[in-house]
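Treat the numbers as computed from the prediction; the structure is a model and nothing was measured. All heavy atoms count here, side chains included; hydrogens, waters and symmetry mates do not.
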Amino acid sequence: MGRSVKSVSVIGGADGPTSVFVAGKSNNLSVLGRIKRTWRKKKRLNIEKKIVAVSHTLDEVVRYMKQQYHAGEIPSGERRYQEQRRCFKESLIMQYRPELLGETANIKHPKEYDEASLKELWKQIELRSKKAEEIGNDVFPIDYHLYEISYFDKGKVAVEIENTWGKLGVSYSGNKKAVRQLRRITKDIMRFYGVTQDDINNKTERFHSLVSTLCE
């Protein structure tokens, strides 16, 4: 059975900086494509209207996950913790202190994705990641924690929490039979974290992240 991976949200953060997506460009949507796009917009607007101000702190989210889903914290010595922390840190630096990355903060994507340009793009991305990793906690403090919720042997939900900058990230992976339940757990965690009235009034990143999650 194949496994799927779904990245749900990183509240207030940039997308994973080490990911490269290559796709053809097309402005022509089919009739079905236009219908789906219109339906998604309506669904999003309906969800936005229903959101009310109910919020919890990151510490409360951790306690909730442990009580409700028996979430366990991944030790900092494990490779998956180190890899995800590195990506999360780079995303935060890109958002808040891009000047620390020098010229690598503004990587230009090639106009054409041939083999040579892709190799150069990947080289620049790796250089930026290395530069971000070398920035010490005294220059850019980060208090990162990774939690995991297991759904039998069929899938897992990963929850990233960063206390210094106040960030929450949720993703899940599993086989097709588990996706519905993994998505339900993800939405429940995001609903519990919630939004404040200020988030609703100002349409903050936290608000948009919750809406996007509930649209899944």
Side-chain angles (χ1 to χ4, degrees), residues 5-17 19 21 29 33-69 71 73 84-85 87-101 105-106 132 139-149 157-172 179-216:
V5 179
K6 182 68 177 179
S7 177
V8 179
S9 60
V10 177
I11 294 179
D15 292 334
S19 297
F21 298 93
L29 280 177
R34 288 196 294 271
I35 292 173
K36 287 182 177 180
R37 184 173 63 180
T38 301
W39 179 82
R40 284 195 297 267
K41 286 182 178 180
K42 288 184 178 180
K43 182 179 180 181
R44 187 179 182 92
L45 287 173
N46 287 334
I47 288 174
E48 287 183 1
K49 293 176 182 177
K50 294 178 181 178
I51 289 179
V52 296
V54 178
S55 66
H56 295 88
T57 66
L58 291 174
D59 286 340
E60 289 172 330
V61 170
V62 172
R63 289 196 293 271
Y64 178 76
M65 291 191 304
K66 289 181 176 180
Q67 294 171 0
Q68 192 74 10
Y69 300 110
E73 184 167 6
Q84 292 197 212
R85 181 187 184 279
C87 290
F88 208 95
K89 176 184 176 183
E90 186 177 346
S91 294
L92 289 174
I93 293 174
M94 285 290 293
Q95 182 180 5
Y96 292 106
R97 296 289 305 279
E99 71 278 4
L100 295 175
L101 299 172
N106 298 305
V139 177
F140 191 87
I142 179 172
D143 180 14
Y144 176 86
H145 299 267
L146 176 62
Y147 297 87
E148 189 173 84
I149 298 168
V157 175
V159 182
E160 299 174 281
I161 287 182
E162 202 294 312
N163 292 306
T164 302
W165 302 89
K167 306 297 177 184
L168 171 69
V170 186
S171 61
Y172 61 83
V179 166
R180 180 177 295 181
Q181 181 65 12
L182 295 171
R183 187 184 295 126
R184 187 195 69 77
I185 293 171
T186 297
K187 289 183 178 182
D188 183 53
I189 292 171
M190 295 295 286
R191 283 195 189 97
F192 183 83
Y193 186 46
V195 291
T196 65
Q197 190 60 50
D198 181 67
D199 291 318
I200 296 173
N201 293 341
N202 296 300
K203 298 294 188 294
T204 64
E205 290 181 67
R206 179 169 172 171
F207 173 81
H208 284 300
S209 190
L210 175 60
V211 173
S212 296
T213 302
L214 297 181
C215 281
E216 290 291 329

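Comment: Lys50 does not engage Glu48 in a salt bridge, judged by the lack of any side-chain N to carboxylate O separation of less than 4.0 angstrom.
Here the shortest heavy-atom pairing between Met94 and Ala105 reads CE-O, 3.4 Å. Pairing each heavy atom of Val61 with each of Tyr193, the nearest pair is CG2-CD1, 3.6 Å. Nearest approach of Met190 to Val170, heavy atoms of both residues: SD-CG2, 3.7 Å. Considering all non-hydrogen atoms of both residues, Ile189 and Tyr69 come closest at CG1-CE1, 4.4 Å. The two atoms that bring Ala158 and Leu146 nearest to each other are CB-CD1, 4.3 Å, heavy atoms only. Across all non-hydrogen atoms, the minimal contact from Leu214 to Lys187 is O-NZ, 3.6 Å.
Between Leu92 atom CG and Arg85 atom CZ the span is 10.0 Å, to the nearest 0.5 Å. In this structure, Arg184 CZ and Arg191 CZ are separated by 9.5 Å, a value rounded to the nearest 0.5 Å. Annotation: the span from Glu205 atom CD to Lys167 atom NZ amounts to 6.0 Å, rounded to 0.5 Å. The line from NZ of Lys41 to CG of Leu45 is 9.0 Å long, rounded to the nearest 0.5 Å. Note that CZ of Phe192 is 10.0 Å distant from OG of Ser55, once rounded to the nearest 0.5 Å. Here the straight-line distance linking atom CD of Glu162 with atom CG of Asp143 works out to 6.0 Å at 0.5 Å rounding.
Checking Asn201, Asn202, Thr196 one by one against Asp198, the side chain to side chain donor-acceptor pair (under 3.5 Å) holds for a single residue, Asn202.
Considering only heavy atoms from C-beta on, Met65 stays 4.5 Å or farther from Gln67 through its side chain. Put simply, the side chain of Leu100 reaches to within 4.5 Å of the side chain of Phe140, judged on heavy atoms. For the pair Ile47/Ile51, a side-chain contact is recorded, criterion being any heavy-atom separation below 4.5 Å from C-beta on.
Checking side-chain atoms of Thr213 against main-chain N and O of Ser209 turns up a donor-acceptor pair under 3.5 Å. Counting only distance, with no hydrogens or angles, the side chain of Asn46 and the backbone of Lys42 share a donor-acceptor pair below 3.5 Å. Checked by atom type and distance alone, the side chain of His208 pairs as donor or acceptor with a backbone atom of Lys203 at under 3.5 Å.
The ring pair (Phe, Tyr, Trp, His ring centres under 6.0 Å) search around His145 returns none, not counting sequence neighbours.
Ring geometry for Tyr144 versus Phe88: interplanar angle of 30 to 60°, hence tilted.
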